[in-house]
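Values below: every heavy atom of this structure, side chains too, minus hydrogens, waters and symmetry copies. All values reported here derive from a predicted model rather than from experimental measurement.
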Amino acid sequence: MSAVPADQRWAQLKRQFDTIDSDGDGFITHAEFTEHFPHLPAEAIGALDGNADGRR
């Protein structure tokens, strides 16, 4: 179990999400994701899109 309180972990995760979501629409597109993780294989990125709408 993490020594960091859940509310602090949530705030950290939200900041990281907001950093990746460069247009601020609340979704991470393929382009935004690959901009931050350029070496991640396409298969891994595709696996994150559970409903195949192009957003994560």
Counterpart residues, side chain to side chain donor-acceptor pair (under 3.5 Å), relative to Thr34 (two or more places apart): none
Kindly indicate whether the side chain of Trp10, heavy atoms from C-beta on, has any atom under 4.5 Å from the side chain of Leu13. yes
Atom pair OG1/CZ of Thr29 and Phe27 - distance to nearest 0.5 Å: 11.0 Å
Return the NE2 to CD1 distance between His36 and Ile20, rounded to the nearest 0.5 Å. 5.5 Å
Report the distance from atom NE2 of His30 to atom CD of Glu35, rounding to the nearest 0.5 Å. 12.5 Å
side-chain contact (heavy atoms from CB on, under 4.5 Å) against Ala44, all qualifying residues, sequence neighbours excluded: Leu40, Pro41
Tell me, which pairs form a salt bridge (Lys or Arg N to Asp or Glu O under 4.0 Å) where one or both residues lie in residues 13-29, sequence neighbours left out? Lys14-Asp18
